[in-house]
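What follows is a set of notes on a single structure, which appears directly below.
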There are 2 protein chains.
Amino acid sequence: MQEVQNEKHADAGLRQRKRAATHARIQAEAMRLFLANGFEPTTLDEVAAAAGVSRRTLLNYFGSKEEIVFSTKADFPRWVADAVAARPADEPMLDMVENALFDLADRHRSQEARAVAALIAATPSLRAGDQAKYEAVERLLALTLAARKGLPDDDVACRVVAGATVSIIKQSMDAWLANPDLPPETFGRKAFAALRRVAG
Amino acid sequence: MQEVQNEKHADAGLRQRKRAATHARIQAEAMRLFLANGFEPTTLDEVAAAAGVSRRTLLNYFGSKEEIVFSTKADFPRWVADAVAARPADEPMLDMVENALFDLADRHRSQEARAVAALIAATPSLRAGDQAKYEAVERLLALTLAARKGLPDDDVACRVVAGATVSIIKQSMDAWLANPDLPPETFGRKAFAALRRVAG
DNA sequence: TTGCATATCTGCATCCGGTGCAAATATGCA
DNA sequence: TGCATATTTGCACCGGATGCAGATATGCAA
């Protein structure tokens with residue numbers, strides 16, 4: 001049995017420690033196989049075998065095959081929201097999201113994140129699920145903007161800015177995938193500039 | 001082989017006529033069952049039986065269960081593009097999409113369209129697929145705007161306007177579903193006004 | 001009309017993801 | 001140590017999806 005030393009939460013008991021370790025092991029082995037052989041061709045039986053658990057247990061940890069992939073991006077909505085919440089409250093709304101995105105951009109430059117993004121882009125069912133996840137990003141971003149600006153939760157300006165921003169995020173990712181050399185903020189800068197120009 | 005039959009007789013050949021009829025019958029029966037009993041609880045065997053074909057034939061007509069639902073909205077991207085292409089070319093870009101959307105809005109007021117939208121919204125897998133379909137709307141809308149304005153296909157302003165517009169479309173649909181009494185353009189009008197205000 | 005080429009329909013076997021259930025096993029704790 | 005409970009596992013089963021091969025229907029030309 002592989003004992004994994006946890007740094008902080010280790011004292012929560014053997015059960016939770018093993019559980020966290022198994023969760024991480026399944027995710028790691030799954031992503032390794034998905035990236036090596038593709039998402040659809042890889043079966044849950046193969047992943048379960050590689051992780052040393054039964055298929056039934058795997059599906060106990062992750063509700064579906066897709067959720068294994070999406071769990072690697074699970075806290076992305078919170079990252080966006082936190083980046084916005086960290087901006088000064090008197091900043092104009094568009095500046096707020098634009099600057100927040102570039103404060104955040106560093107986290108998405110890793111090769112690993114790029115490989116996962118490429119996997120999602122290349123797999124139709126994952127691409128669909130990913131689009132759906134951005135819905136949550138958009139909603140949380142709108143709420144965060146409203147809170148930061150002291151506006152009602154359903155403020156239309158916040159919602160439309162959130163929508164435009166998420167679209168820019170998605171297109172920036174696509175541009176980054178299509179052209180790895182260009183830094184991901186290239187498209188974003190141009191997009192926000194164009195948005196101001198076109199609406200002004 | 002391509003038949004170069006005269007277009008006056010719309011039904012060129014028994015084969016194509018039967019094929020179209022079967023296609024329509026499957027779609028109609030499927031939607032009837034989906035709307036009555038829900039998407040997931042309805043099995044393809046039930047649909048096939050109701051349409052009087054084998055399950056294998058059904059899956060020959062529609063590549064997947066979801067595609068039966070999405071085929072009812074298949075030409076929505078084209079509707080949007082056509083509505084934009086019909087606007088005067090010298091209209092400012094934001095006015096162009098805003099007015100195009102309201103020229104188009106009448107088509108989506110039908111009770112049937114609303115029921116389908118509600119079904120999609122209530123079914124996670126359909127909702128994910130629906131989001132993915134809006135990707136195509138956004139891309140085509142950006143291309144159409146660029147063509148209308150004589151700009152290059154990948155013009156950033158067109159793409160960002162298309163992104164904001166699609167977000168407004170989606171939110172308008174949600175608002176319409178949440179509040180059937182309000183006309184669907186209520187949110188859209190406010191959203192475009194807010195977009196101008198926030199970016200100007 | 002007949003007969004052939006081909007499009008279409010169908011049943012069948014098979015795969016895979018996902019769920020419910022109950023027995024077996026491991027852990028926490030008194 | 002022994003019991004309550006959390007976790008793992010195997011098993012049976014469901015439903016969607018694919019490949020294949022034989023049966024059936026249609027188009028067309030002789």
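Below, each value reflects all heavy atoms present in this structure, side chains not excepted, and no hydrogens, waters or symmetry copies. Computed from a predicted structure; not experimentally measured.
- Here Ser64(A) does not reach the OP1 or OP2 of dG17(C): none of its side-chain N or O atoms lies under 4.0 Å away.
- Between Gln27(A) and Ser71(A), the side chains place a donor N or O and an acceptor N or O closer than 3.5 Å (distance only, hydrogens not considered).
- Closest-nucleotide positions on DNA chain D for Lys18(B) and Lys65(B) were compared, and the one nearer the 5' end corresponds to Lys65(B).
- Residue order along DNA chain C, read from the 5' end via each residue's closest nucleotide, puts Pro41(A) first among Pro41(A) and Gly63(A).
- For the pair Asp45(B) CG and dG11(C) C1', the computed distance is 12 Å after rounding to whole Å.
- The distance from atom CD1 of Ile26(A) to atom C1' of dT9(D) is 13 Å, rounded to the nearest whole Å.
- The shortest distance between side-chain heavy atoms of Pro180(B) and Arg114(B) falls below 4.5 Å.
- If you check dT8(C) for Watson-Crick or wobble pairing at under 3.5 angstrom, you find it paired to dA23(D).
- A salt bridge between Glu135(B) and Arg127(A) is present, with a side-chain N of the basic residue lying under 4.0 Å from a carboxylate O of the acidic one.
- For Gln131(B) and Lys133(A), the side-chain atoms include no donor-acceptor pair closer than 3.5 Å.
- Mapped onto DNA chain C by nearest heavy atom, Leu58(B) and Arg15(B) fall at different nucleotides, with Arg15(B) at the one closer to the 5' end.
- The cationic atom of Arg25(B) (NZ for Lys, CZ for Arg) does not lie both less than 6.0 Å from the six-membered ring centre of Tyr61(B) and within 45° of the ring axis.
- Counting non-hydrogen atoms under 4.0 angstrom, Phe62(A) reaches nothing in the nucleic acid.
- Side-chain nitrogen and oxygen atoms of Tyr61(A) include none within less than 4.0 Å of the OP1 or OP2 phosphate oxygen of dT7(D).
- A donor-acceptor pair shorter than 3.5 Å can be found between the side chains of Ser167(A) and Glu138(B).
- Between the CD atom of Glu40(B) and the P atom of dG18(C) there is a distance of 13 Å, rounded to whole Å.
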Distances under 3.5 Å only, N/O to N/O: pair up the protein atoms with those of nucleotides 20-22 of chain D.
none

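- When rounded to the nearest whole Å, the span between CG of Leu59(A) and C1' of dC13(D) equals 15 Å.
- Between Asn60(A) atom CG and dG20(C) atom C1' the separation is 12 Å, expressed in whole Å.
- If you check every strand for non-hydrogen atoms under 4.0 Å, Leu44(A) touches sugar and phosphate atoms only.
- For the side chain to side chain contact (heavy atoms under 4.5 Å, CB included) criterion with Met31(A), the lone passing option out of Val47(A), Leu119(A), Ile26(A) is Leu119(A).
- A cation-pi arrangement is present between Arg189(B) and Phe102(B), with the terminal nitrogen or guanidinium carbon under 6.0 Å from the aromatic centre and inside a 45° cone about the axis.
- Side-chain atoms of Arg55(A) come within donor-acceptor range of the base of dG17(C), with a qualifying N/O pair under 3.5 Å.
- In terms of phosphate contacts, Ser54(A) brings a side-chain nitrogen or oxygen within less than 4.0 Å of OP1 or OP2 of dT9(D).
- Across all strands, Thr42(A) comes closer than 4.0 Å only to sugar-phosphate atoms, never to a base (heavy-atom distances).
- Contact annotation: Thr57(A) reaches the phosphate of dT9(D) (side-chain N/O to OP1 or OP2, under 4.0 Å).
- If you measure from atom CD of Glu46(B) to atom C1' of dC14(D), you get 13 Å, rounded to the nearest angstrom.
- In this structure, the CG atom of Leu33(A) is 17 Å from the C1' atom of dG17(C), given to the nearest Å.
- The interatomic distance linking Glu67(A) (CD) with dG17(C) (P) rounds to 15 Å, in whole Å.
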